[in-house]
Amino acid sequence: MARYDAKESEKHWQAVWDQRQCFVAPNESTRPKCYVLEMFPYPSGRIHMGHVRNYTMGDVLARFRRAQGYNVLHPMGWDAFGLPAENAAREKGVNPRDWTYANIATMRGELKRMGLAIDWSREFATCDPDYYAQQQRLFIEFYKAGLVYRAEADVNWDPVDGTVLANEQVIEGRGWRSGALVERKKLSQWFFKITEYADELLSALDRLDRWPDKVRLMQKNWIGRSEGLRVIFDLSNGSRVDIFTTRPDTLFGASFVALSPDHPLSQRLGEKDSKIAAFIESCHRLGTSEAAIETAEKMGYDTGITAAHPFAPEWKLPVMIANFVLMGYGTGAIFGCPAHDQRDLEFARKYDLPVLPVVIPDGSDAKTFEVGDEAYVGPGHLANSRFLDGMSVEEAKNEVARRLEAEGRGKREVNYRLRDWLVSRQRPWGCPIPMIRCGKCGLVPVKESDLPVLLPDELQFKGAGNPLDSHPTWKHVDCPQCGGRALRETDTCDTFVDSAWYFARFCDTTAEGPVSRKAADYWLPVDQYIGGVEHAILHLLYARFFTRGLHRLGYTDVDEPFAGLFTQGMVCHETYKGSDGQWLAVGEIEKRDGKAYLKGSDLEVTIGRSEAMSKSKKNGVAPEGIVDLYGADTIRWFMLSDSPPERDIEWTNEGAEGCWRFVQRIWRLIEEAKDLPPPRTPVASVDGEALELRRATHRAVAAVTDDLENLRFNRAVAQIYTLANAIGTAPPSIPGAVRREAVETLVLLIDPMMPHLAESCWQALGHEALVVDEPWPKADPDLVRQDVITIAVQVNGKLRGTIEMARGAEKSSVESAALALEPVARALDGKPPRRVVVVPDRIVNIVA
RNA sequence: GCCCCUGUGGCGGAAUGGUAGACGCGGCAGACUCAAAAUCUGUUGCCUUCACGGGCGUGCUGGUUCGAGUCCGGCCAGGGGCACCA
């Protein structure tokens, strides 16, 4: 019997599918639609195991839905702008465009070898001028709709590279590439007004019931809604300052007012007072990185100005400038209540300000209650607070708000942690922001007829700064409005903009505008989106925002882009370290008797814990090699087996070999069955072992269907093993038609997961048609249902035996059968049972 | 610091409050073979027993229940998210 030749078979079937255009999705159909999408890859060079896992899961779902009769859209594209191309350009002297498209060509080939059911006719890369031209159109339309603006912002500035850095690119206060100390710098930047949708982005999370709770929670925290009160304080210099607080109840515990160093008042004071200016400057020298914040000490500067307490004008509070007050949140000013806020407490202890408790835990005495090193933030009743005394925290909050609102000195307000999305990047390999700055007319969008703003063909990467900015001619243009000399914006879009609407473009990649309304109405929202949890906030939040923008502009009537979201786990592998403590690559070691040695030597190597495959730990295994060795179906099967899809999976050679053995085993089962008569004959009523195989077949159909519906791939795999085992152990005497039914069903069930093998098996079984065009099998409920049920019998909750009973047997007969069991009698030791609990068709528990 | 998730055999993991360990990997024994590979069969939580059997088992600890891996409280451990957000 010939072994299954995966290499030959996979190449063949991929060509057949391609030639018959099996996976090209029409934009109109009488069938129901299903849009399955995996997060598109960055073309870094080669696909890795994470891609394989991600795209296999999506592919299984796409093929499953297709078999169920859906018109399935399953596209693929490339998130192609970004830094690695620039780095390659700098390091290797190549053009970032050439580098990117070469990578895409390589990776497209690798994905095609996976046998993915993708509509390749819709493929695009975000660096295609066709795509980013549409994005520029959207940018201008968003601008005209008031969703884009330009403003000054504090950013991490790397003075050596001459560019803005993201927070993640600042390591211990230094730029990750240059090593230069990062400065805080105010720069004019472009923003998307995502905060306009803050409340909606938050409240709509409740309706995303096919999203993981974890992701919804992370977004909720990120948006960070908090309700509070804006309060006006009159200052001794005749001006006033607004503060925001979520704890108006603690107003009588106030001991200072603190301003952000960037607060307009601080700035004004700094202009007149050089000491204040110097203090503000020292605050700015601190980085904005987490590490810098964590270690930063509270610093304050007394302005000499005082603020009048809103309920007691004679009560004067010092007005400080404090480094821990952020301009970007609330009003950039706070009142400090040291007894009930940890930061305020640390600040007060340092500058020797009063600490007066005003919320007393119930059961404590206001006279003796003291605050030590920790502020009291729990519940309690008010004290030392005049008309609030005795109230609960909630009552006091309301009372303060009510009084101050009545006096016009306060206003209930909602604040969000979410900031507007800064999209400017001083990077040349991105979508140019289609705006022009004119000395006379200000900001002017590029004229529709002048779009797209194309990137120059050649970019010079020598020297610091943005090559677009230093390009001799690119930025010099005429103002579209007045015709005078003007400057083109040289910033490009954050690459997260590119990925914020690509799913909408897939609906019709030939649309004249950015998105075809008709196609979007048909396909959106994406029914199932699959990707890594690392995008739980940024990408997914931006895409939700963009979809609302598209809605506002009339391109779609949906608000939420992804009806279902699944976040898959990472692919891990054990790690190896040599005696010098350096990481060793998987290919550099060999394993003998569970120990690892340097390849070709007796030098033992330390085996470290299993971690996500990464370049730095050298624990990656290239998918290409595995596909060469075993074929795509084996690697696909591995990715679906064992680990639940949302959890991490560990790649092992043994596991891969096991999958490959299973591929061969299925092939053998089919070879043995292929001459069985006659194909797909109705199976007459049978009994005994033949009936058991029929039952196993239909149970497998029911279970696999249910598992795939719910993306429980690992369980579907286990069900298929169970069916294969049942076929393998069924006696030769059973009718051929029964075996054939089982075998054909097995092929239909494995098809979404191992599509090439399934086609070869289907052909071997004598079918002319492709299995990919076969409908999904249906389970016969009569065969799924068990007529004889094994009921467990417990004594005091401990299993003592089992009885076989007909489905729906009378309680009394079940009870007497249970009591008749010998081990039950032994356990009862002659005493009558105190109680017998009979759960029909399930269990009997005898209480002794 | 705040919020969230996860703890089950040697390993990955199954299990609507109802027979814990399905299925896979690995191990052990056997068949086939001159031999090996491949394949097939059996076996495989721990302790105890010649055996029949018995006892113990889902991180620890209480509780609810006829019955808890599953529900509730308190710990411990690991992982993740957010973090001067007023």
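Quick note on labels: first sequence line is chain A, next is B, and so on, each numbered from 1. Keep in mind that what you see is a predicted model, and the values were worked out from it rather than measured.
Base engagement by A:Leu326 is indicated by at least one non-hydrogen atom pair under 4.0 Å involving a base atom. Nucleic acid contact class of A:Asn714 (heavy atoms, under 4.0 Å, all strands): sugar-phosphate only. No engagement by A:Glu650 is indicated, since no non-hydrogen atom pair under 4.0 Å with the nucleic acid exists. Base engagement by A:Arg419 is indicated by at least one non-hydrogen atom pair under 4.0 Å involving a base atom. When heavy atoms are screened at a 4.0 angstrom cut-off, A:Val847 is found touching the sugar-phosphate backbone but no base atom. Residue-level contact check: A:Ser641 touches neither bases nor backbone, having no heavy atom under 4.0 Å from any strand. A:Ser226 comes within contact range of the sugar-phosphate backbone alone, with a heavy-atom separation under 4.0 Å but no base atom that close. In this structure, A:Pro644 reaches the sugar-phosphate backbone alone: every heavy-atom distance under 4.0 Å involves primed, P, OP1 or OP2 atoms, never a base. At the heavy-atom level, A:Arg661 lies under 4.0 Å from the strands shown only through sugar-phosphate atoms. Across all strands shown, A:Tyr721 has heavy atoms under 4.0 Å from sugar-phosphate atoms exclusively, and none from any base. Heavy atoms of A:Val533 sit nowhere under 4.0 angstrom from any nucleic acid atom. As judged by a 4.0 angstrom heavy-atom cut-off over every strand, A:Arg826 is placed among residues touching the sugar-phosphate backbone only.
Under the Watson-Crick and G-U wobble criteria, each requiring two contacts below 3.5 Å, nucleotide B:C71 is paired to B:G63. Remark: B:A77 base-pairs with B:U6. Criterion, Watson-Crick or G-U wobble with two distances under 3.5 Å. The partner of B:G1, taking Watson-Crick or G-U wobble pairs whose two distances both stay under 3.5 Å, is B:C82. The partner of B:G42 is B:C28, by the rule that a Watson-Crick or G-U pair needs both atom distances under 3.5 Å.
For B:G24, the OP1/OP2 oxygens have a side-chain nitrogen or oxygen of A:Asn725 closer than 4.0 Å. Contact annotation: A:Lys798 reaches the phosphate of B:C56 (side-chain N/O to OP1 or OP2, under 4.0 Å). Using a 4.0 Å cut-off, some side-chain N or O of A:Arg835 falls inside it from OP1 or OP2 of B:C66.
Screening A:Lys617, A:Arg609, A:Lys591 against A:Glu574 for a side-chain hydrogen bond (donor to acceptor under 3.5 Å, both in side chains) leaves a single residue, A:Lys591.
Separation of the A:Phe566 and A:Trp211 ring centroids does not fall under the 6.0 Å cut-off. Ring centroids of A:His309 and A:Phe252 are separated by less than 6.0 Å, placing the two rings close together.
A salt bridge between A:Lys397 and A:Glu394 is present, with a side-chain N of the basic residue lying under 4.0 Å from a carboxylate O of the acidic one.
Nucleotide B:G80 holds its C1' atom 11 Å from the CG atom of A:Asp648, rounded to whole Å.
The glycosidic torsion of B:G9 lies within 90° of 0, which places this base in the syn conformation.
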